[in-house]
Number of protein chains: 2
Amino acid sequence: MRSTRVTLRDIALAVGTSTSTVSLALRGNTRISAPMRERVRVEAERLGYQGDLAGSLLRTANPRVLGLLCRLDQELHFTYHERILALAWARGYRVLVEGVSEGHPAQQAMGLLEQFRAQSIIVIDPRTLEGVSAETARVPLVTVGQERARAGDDLVVSDNASGIGELVDHLAGLGHRRVVHLEGPAGVSSRARRQALCDQAAERGMGVETVQAGSDLDSGFRAMESLVEAADGAWGLPTAVVCYNDQCAQGAVIALLRAGLSVPGDVSVSGFDNSRVAASRALGLTSVDRRPEDIARHAVERAIARSEGDGGGSHLQRVASRLVVRTSTGPARPGRT
Amino acid sequence: MRSTRVTLRDIALAVGTSTSTVSLALRGNTRISAPMRERVRVEAERLGYQGDLAGSLLRTANPRVLGLLCRLDQELHFTYHERILALAWARGYRVLVEGVSEGHPAQQAMGLLEQFRAQSIIVIDPRTLEGVSAETARVPLVTVGQERARAGDDLVVSDNASGIGELVDHLAGLGHRRVVHLEGPAGVSSRARRQALCDQAAERGMGVETVQAGSDLDSGFRAMESLVEAADGAWGLPTAVVCYNDQCAQGAVIALLRAGLSVPGDVSVSGFDNSRVAASRALGLTSVDRRPEDIARHAVERAIARSEGDGGGSHLQRVASRLVVRTSTGPARPGRT
DNA sequence: GTGAAAGCGCTAACAT
DNA sequence: ATGTTAGCGCTTTCAC
């Protein structure tokens, strides 16, 4: 809790050299002799030197700072965030994270990142930028999602088809001939996922019926509650329900259990995103994994390239998803459709 | 995506004045005449001026930057984070958020905040600093949790007793004479909560039996699974279960439902934290709310005071919790203990 | 009411 | 192999 900061100058004075030597030495530049580098390192340690980014930021052309804009209340965004931080750090980049939420609009968040000199910004899900014209951004954007936040930028997109294809195969193999899809909230992502499901199911001669639900626990709960009411017993229910995401699936499972039905005995349920709850023993949701590590890797890759001045055309990276089978899906009850 | 930044100098040149005037004008200093302030504002807008914190940070003694260290994978931390951001922003402070996670240890996170000149740091839950000697921090810390991260710092603490007292009253009123407590992970927080429950229950002549569980879905699920197995039917089960937090409670509910039991018909279940899942219709958990808005308010208050040089003794703020009753608790089945 | 000048801590170009 | 110098964009005296 010392009031005055230890600077390069303090180290230089202590070692008896110049600030520029200290600066280079601390960054491990080989222009400085090994022994000198060591002496500097030791002295910096002793004085408790903590670099000041303000000075560094100001001077250098590429301060190696990336921005990240996401909605941290969504677990998947948190997963991306974690991976992105680790990867960027390993490459010597710092990441400034801004979580967009009700009390902290995207406009503010974006401004702050630019004020701190983020050289390029990774945006998880274009909807995070709702209310901001992406055009106002003065830096390159790398979007993770189904569509670019702004033309000319880079995009890392999940390929839903692969994982959903595996899911449909899995369900067909278990004898399910018809599935109900609990659809997500209106939007590109939801549409893309539904389209993929319909396409893949059609190819395999499986029927899909779509019901409006949403992305959270209660959307799934309510939608399933309605289905159960309308069905009047297990015989009127579909044998399998494919949900927009894991939260929605969780709601659906709870509704089934509350109705005295068994999962997967009476109804099989699948989710999407392979989140923590999916992996839990309590639910054991069969779910589609989007390989967040790979997505994060590509996003960081592009963000760094852009921050280093790569202005070449807008890149597109497609990452295949894959199915993770757990206990929430099982054989279709014979005799039911 | 312009390559070169618009600076104060650019605005000054355009308006035909000096950078110092522009600087003062943009910050609304009344030393500058109103018409001049307006001209500067307009020109800044026209040029798309975006302040550069690097310069500002470097020059000014109190750059009005707070740091926030939390575990963003926990919903409650996210809630605090959101409130803190909004409150700090309203008072003209920026907040740099660092989410500690596996790939991004507390040491790194703390270092980064200091490098960016955070004047004081709010730490949600002292366990967030695991692996870091808090003594190394060169700035004041404000801890939110049950104990200080470092002696001499400020603490904002949840008063468990008030909410848990209400909970015990509520359960007693419903006819419950004995409750089982699903305890959280070993640690101060868990201990404090258990102690509060035992104290409050003792005062009202209610019996408490403690079972080791944890803080997540599966801890609750497993613990409840064991209880159900051991009980062999509803008659051997407690009439009410008080869980460490909402996640744990959720696991407990799912275990009960899977066993064909009803909540609250057979067993009442309560949580802690009043999270989104507690408020969901699917679960409707009776839960203890910690008034995160108030906690956030006090934390921001102290952090700002410290950043402005308030060195006076270490403050302690206690925030009362309160019960939120929902549908997961109901009358005890008559005849059962 | 406004401008000139100094300097925050750092890095990069240019000496030596 | 190391030191000197200039300057990043901003705020803050201090002088007018």
Side-chain angles (χ1 to χ4, degrees), chain A residues 2-41 43-44 47-65 92 94 114-119 138, chain B residues 2-41 43-44 47-65 92 94 114-119 138:
Chain A
R2 54 203 312 152
S3 56
T4 152
R5 233 184 150 95
V6 179
T7 72
L8 289 187
R9 201 159 160 279
D10 297 323
I11 302 175
L13 249 44
V15 175
T17 180
S18 71
T19 58
S20 48
T21 300
V22 173
S23 172
L24 291 168
L26 284 178
R27 281 173 296 154
N29 192 308
T30 48
R31 276 172 51 187
I32 307 299
S33 65
M36 177 58 109
R37 288 210 299 271
E38 184 55 15
R39 276 173 62 203
V40 167
R41 206 193 52 71
E43 193 59 23
L47 294 175
Y49 172 75
Q50 178 68 271
D52 184 342
L53 239 21
S56 166
L57 245 45
L58 201 50
R59 194 60 183 91
T60 189
N62 178 8
R64 309 192 135 224
V65 174
R94 296 170 190 85
E114 294 196 28
Q115 289 184 11
F116 272 113
R117 295 220 168 181
Q119 300 288 289
R138 267 165 291 273
Chain B
R2 53 202 315 152
S3 57
T4 151
R5 228 179 155 98
V6 179
T7 71
L8 289 187
R9 201 161 161 279
D10 297 323
I11 302 175
L13 248 44
V15 175
T17 181
S18 69
T19 58
S20 44
T21 300
V22 174
S23 172
L24 290 169
L26 283 178
R27 280 173 296 153
N29 193 308
T30 49
R31 278 171 48 187
I32 308 298
S33 65
M36 177 58 108
R37 288 211 300 271
E38 183 56 13
R39 278 171 61 202
V40 167
R41 207 194 52 71
E43 194 59 24
L47 294 175
Y49 173 75
Q50 177 70 272
D52 184 342
L53 276 178
S56 165
L57 246 45
L58 199 49
R59 194 58 180 88
T60 190
N62 177 9
R64 310 191 136 227
V65 174
R94 298 170 189 84
E114 295 196 28
Q115 288 183 13
F116 273 112
R117 293 217 169 183
Q119 300 287 290
R138 266 164 294 273

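Since the model is a prediction, treat every value here as computed from it, not as a measurement. Below, read A as the first sequence line, B as the second, and so on, with proteins coming before strands; counting in each chain starts at 1.
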Original post:
Along DNA chain D, 5' to 3', what are the outermost nucleotides having an atom less than 4.0 Å from a heavy atom of chain A?
Top reply: D:dA1 to D:dG9
Original post:
What's the spacing between B:Leu8 CG and B:Asp52 CG if we round to 0.5 Å?
Top reply: 9.0 Å
Original post:
B:Asn29: what forms a side-chain hydrogen bond (donor to acceptor under 3.5 Å, both in side chains) with it, not counting sequence neighbours?
Top reply: none
Subject >> Which residues share a side-chain hydrogen bond (donor to acceptor under 3.5 Å, both in side chains) with B:Ser20, sequence neighbours left out >> reply: B:Ser18
Original post:
What residues in residues 8-23 of chain A put a non-hydrogen atom under 4.0 Å from any atom of DNA chain D?
Top reply: A:Gly16, A:Thr17, A:Ser18, A:Ser20, A:Thr21
Original post:
What distance separates A:Tyr49 OH from A:Thr7 OG1, expressed to the nearest 0.5 Å?
Top reply: 7.5 Å
Subject >> Residues in side-chain hydrogen bond (donor to acceptor under 3.5 Å, both in side chains) contact with B:Arg9, at least two apart in sequence or another chain >> reply: none
Original post:
Where do A:Thr17 and A:Val22 land on the side-chain contact (heavy atoms from CB on, under 4.5 Å) test, with the steps shown first?
Top reply: CA-CA 7 Å; A:Thr17 180; A:Val22 173; 3.9 Å; yes
Subject >> Stretch residues 54-63 of chain A: residues that reach within less than 4.0 Å of DNA chain D through a heavy atom >> reply: A:Leu58, A:Arg59
Side-chain donor/acceptor pairs under 3.5 Å, residues 57-65 of chain A, sequence neighbours excluded:
unit_1  : atom_1 : unit_2  : atom_2 : d
A:Asn62 : OD1    : A:Arg64 : N      : 3.0
A:Asn62 : ND2    : A:Tyr93 : OH     : 3.3
A:Arg64 : NH1    : A:Arg91 : O      : 3.2

**OP:** Using five pairs at either end of the helix from C:dG1-D:dC16 to C:dT16-D:dA1, determine the angle between the two local helix axes and round it to 10 degrees.
**Re:** 40°
**OP:** Scan residues 31-41 of chain B against DNA chain C and write down, sorted by residue number, each residue with any heavy atom closer than 4.0 Å; if none is found, say none.
**Re:** B:Arg31, B:Ile32, B:Ser33, B:Met36
Original post:
Does A:Arg31 reach the main-chain N or O of A:Leu24 with its side chain, forming a donor-acceptor pair under 3.5 Å?
Top reply: no
**OP:** Could you grab the distance from atom CZ of B:Arg117 to atom CG of A:Leu53, nearest 0.5 Å is fine?
**Re:** 10.0 Å
Subject >> Gap separating the CG atom of A:Leu47 from the CG atom of A:Leu13, nearest 0.5 angstrom >> reply: 10.5 Å
Original post:
Looking only at heavy atoms, which two atoms of A:Ile32 and A:Arg37 are closest? And how far apart?
Top reply: O-NH1, 2.8 Å
Subject >> Test side-chain hydrogen bond (donor to acceptor under 3.5 Å, both in side chains) applied to A:Gln119 - qualifying residues, sequence neighbours left out >> reply: none
Original post:
Considering residues at least two apart in sequence or located in another chain, which fulfil the side chain to side chain contact (heavy atoms under 4.5 Å, CB included) criterion with B:Gln50?
Top reply: A:Glu114, A:Gln115, A:Arg138, B:Arg5
Original post:
Does anyone know the first and last nucleotide of DNA chain C in reach of chain B, 5' to 3', at under 4.0 angstrom to a heavy atom?
Top reply: C:dG1 to C:dG9
